[in-house]
Trainee: 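The structure is given below, and queries will be raised subsequently.
Positions are given from 1, in the same order as the sequence printed here. None of these values were measured; they are calculated from a predicted model.
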Amino acid sequence: MLKEIKTLPNNPELVGLAELFRDIQYSENGQKLNLLVPWSVNQLPDKKQKHPLIVFVQGSGWTKPNIDYKIPLLSHFAEAGYVVASVSHRNYRDGFQAPAYLVDVKTAIRFLRANAEKYGIDKDKVMIMGTSSGGNTSLLVGVTADDPQYKSDEYADESDSVSAVIDIFGPTDLLRRFFNANNREEAAEVINHLLEADDEESKNHVATLELALGKDHEKWIPLLESLSPNKVANEENSKIPFLLMHGTADNVVNVEQLDRMYNSLKAANADVEAYYIEDGIHGSNFWSPEVRETIRKWVAEKFPL
């Protein structure tokens with residue numbers, strides 16, 4: 001060998017390397033997920049390593065998540081040694097009313113557990129993270145573990161429970177979010193006003209709510225309460241750790257939504273850590289290096305490799 005040419009070590013354990021498997025169908029209804037897997041899973045099969053799983057739900061206003069959008073950010077977790085799934089769900093604008101989105105994400109979790117051997121997943125270490133409506137979904141998954149009302153027939157032998165939740169600027173109190181209401185009575189007044197109003201904005205609001213929640217207006221309030229994780233959380237269903245983050249300048253989902261969830265989890269004696277992101281808006285400037293590093297450290301603490 002020439003002395004002028006330097007040498008570097010090789011990488012027999014394939015540390016820091018991952019691959020992407022796109023558009024894996026996880027449900028008979030056509031829903032798909034993208035999967036980031038450490039190289040060692042498929043290229044060192046004799047090692048039979050099991051890796052913690054992070055399920056990610058991209059915000060979409062409960063329509064159609066772009067499962068490619070956060071791949072660059074999520075890839076760092078895969079490089080560190082986590083299996084990461086970015087999952088889609090049905091779209092209320094296509095006629096799939098709530099809680100179809102929640103049923104789908106839970107189905108994806110059971111699919112991944114059913115295929116744990118194939119993808120090198122540790123079935124006992126499953127975490128969920130989501131942004132905006134995906135944050136709402138993640139929190140609901142956390143506090144409704146194996147709830148039969150949200151369970152499809154697919155992979156029924158598997159659990160849809162998770163061991164930790166990360167909520168990024170998600171709506172947590174949907175009566176407050178959609179009607180600026182603090183209770184059922186206030187929400188009912190707003191709904192009645194919307195139904196009686198003759199202006200275009202109110203009609204469009206009602207039409208959107210009917211697509212998402214159905215045309216039976218009497219069911220809107222109880223349905224939205226059941227999909228408000230701050231109202232669902234209690235001591236029995238909140239025994240896992242939660243990380244909440246929200247920008248103080250968020251003009252899409254008000255930062256008070258974090259406050260409501262945090263207070264509910266504290267009242268339930270949950271292990272909850274929360275951060276305001278100073279002047280953070282909905283996405284974009286929210287993702288500071290400090291935010292990403294805080295999430296990374298929290299994940300590593302809860303699911304050490």
Side-chain angles (χ1 to χ4, degrees), residues 7-27 31-58 67-88 104-130 134 137-138 141-142 145-146 154-166 168 239-243 271 273 292-305:
T7 61
L8 295 170
N10 69 6
N11 188 4
E13 300 298 320
L14 305 182
V15 174
L17 300 167
E19 54 188 321
L20 170 64
F21 298 92
R22 297 190 71 252
D23 296 331
I24 299 171
Q25 183 170 320
Y26 71 77
S27 173
Q31 294 307 306
K32 297 179 180 180
L33 59 82
N34 285 342
L35 197 65
L36 285 156
V37 179
W39 268 15
S40 57
V41 170
N42 293 310
Q43 297 197 29
L44 297 174
D46 56 311
K47 300 280 186 177
K48 292 187 177 179
Q49 292 175 293
K50 291 183 178 180
H51 301 261
L53 169 66
I54 301 173
V55 177
F56 177 75
V57 189
Q58 173 63 39
I67 59 176
D68 295 328
Y69 187 57
K70 287 292 192 308
I71 292 299
L73 185 150
L74 298 172
S75 66
H76 297 295
F77 289 104
E79 290 167 350
Y82 299 87
V83 175
V84 186
S86 179
V87 306
S88 188
D104 284 348
V105 173
K106 285 172 167 282
T107 300
I109 293 170
R110 296 196 306 277
F111 165 85
L112 290 162
R113 277 201 168 100
N115 289 276
E117 187 74 22
K118 179 179 180 181
Y119 298 127
I121 293 169
D122 186 338
K123 296 169 69 168
D124 295 325
K125 295 180 178 179
V126 179
M127 176 182 295
I128 190 165
M129 173 170 64
T137 310
S138 298
V141 167
D146 295 316
E154 297 180 86
Y155 320 105
D157 292 337
E158 299 291 347
S159 172
D160 58 47
S161 65
V162 294
S163 300
V165 176
I166 302 174
I168 309 294
K239 295 178 179 178
I240 59 175
F242 295 82
L243 173 64
D271 173 3
E273 192 171 323
R292 300 196 300 275
E293 180 63 11
T294 299
I295 294 172
R296 187 199 66 76
K297 286 183 177 179
W298 193 85
V299 170
E301 176 190 329
K302 304 305 178 185
F303 282 174
L305 294 166

Trainee: Which heavy atom of Val162 sits nearest to which heavy atom of Gly142, and what is that distance?
Mentor: CG2-CA, 3.9 Å
Trainee: If every non-hydrogen atom of Val84 is compared with every non-hydrogen atom of Ala78, which pair is closest and at what distance?
Mentor: CG2-N, 4.0 Å
Trainee: Do Leu112 and Leu33 come close enough that some side-chain heavy atom pair is under 4.5 Å?
Mentor: yes
Trainee: More than 12 heavy atoms of other residues, nucleotides or ligands under 6.0 Å from CD of Glu117: yes or no?
Mentor: no
Trainee: Would Phe56 and Ile168 count as a side chain to side chain contact (heavy atoms under 4.5 Å, CB included) here? Give the steps.
Mentor: CA-CA 11 Å; Phe56 177 75; Ile168 309 294; over 6 Å; no
Trainee: So, do Pro52 and Leu305 sit near enough that their side-chain heavy atoms are less than 4.5 Å apart?
Mentor: yes
Trainee: Would you say Leu53 and Asp122 make side-chain contact, with heavy atoms under 4.5 Å?
Mentor: no
Trainee: To the nearest 0.5 Å, how far apart are CD in Gln31 and CD in Glu154?
Mentor: 10.5 Å
Trainee: Mind listing the closest non-hydrogen atom pair of Lys118 and Val41 along with its distance?
Mentor: O-CG1, 3.9 Å
Trainee: With heavy-atom distances below 4.5 Å as the criterion, would you say the side chains of Val165 and Val141 are in contact?
Mentor: no
Trainee: Working to the nearest 0.5 Å, report the span between CD of Glu158 and OG1 of Thr107.
Mentor: 12.0 Å
Trainee: Please give me the minimum heavy-atom distance between Asp23 and Asn34, naming the atom from each residue.
Mentor: N-OD1, 3.0 Å
Trainee: Under a 4.5 Å cut-off applied to non-hydrogen side-chain atoms, are Leu36 and Phe77 in contact?
Mentor: no
Trainee: Given Asp271 and Lys302, is the side chain to side chain contact (heavy atoms under 4.5 Å, CB included) satisfied, shown in steps?
Mentor: CA-CA 11 Å; Asp271 173 3; Lys302 304 305 178 185; 3.3 Å; yes
Trainee: Examine the side chains of Ser86 and Gln58 and answer whether a donor and an acceptor come within less than 3.5 Å of each other.
Mentor: no
Trainee: Do Ile24 and Tyr119 come within less than 4.5 Å of each other through their side chains, counting heavy atoms only?
Mentor: yes
Trainee: In terms of heavy-atom contacts, does CG of Asn11 have more than 12 from other residues, nucleotides or ligands at under 6.0 Å?
Mentor: yes
Trainee: As an exercise, state the distance from CG of Leu14 to CH2 of Trp39, rounded to the nearest 0.5 Å.
Mentor: 7.0 Å
Trainee: Hey, is the main chain of Tyr26 close enough, under 3.5 Å, to the side chain of Tyr155 for a donor-acceptor pair?
Mentor: yes
Trainee: Is Asp124 paired with Lys50 through a side-chain N to carboxylate O contact shorter than 4.0 Å?
Mentor: no
Trainee: Can you tell me how far OG of Ser88 sits from CG of Asp104, rounded to the nearest 0.5 angstrom?
Mentor: 8.0 Å
Trainee: Please examine the side chains of Ser40 and His51, heavy atoms only from C-beta on, and report whether any two atoms are closer than 4.5 Å.
Mentor: yes
Trainee: Look only at the side chain of Ser161 and the backbone of Ala145, and say whether a donor-acceptor pair between them is shorter than 3.5 Å.
Mentor: no
Trainee: So which atom in Ser159 and which in Asp146 form the shortest heavy-atom distance, rounded to 0.1 Å?
Mentor: OG-OD2, 2.9 Å
Trainee: Hey, what do you get for CG (Leu35) to CD1 (Ile67), rounding to the nearest 0.5 Å?
Mentor: 10.5 Å
Trainee: May I ask you to say whether Arg110 pairs ionically with Asp160, meaning some side-chain N is under 4.0 Å from a carboxylate O?
Mentor: yes
Trainee: If we only count heavy atoms from C-beta on, is the Met129 to Leu243 side-chain gap below 4.5 Å?
Mentor: no
Trainee: Enter the distance from Ile54:CD1 to Tyr82:OH here, rounded to the nearest 0.5 Å.
Mentor: 6.5 Å
Trainee: Go through the steps for Asp68 and Arg22 under the test side chain to side chain contact (heavy atoms under 4.5 Å, CB included), then give the verdict.
Mentor: CA-CA 9 Å; Asp68 295 328; Arg22 297 190 71 252; 2.8 Å; yes
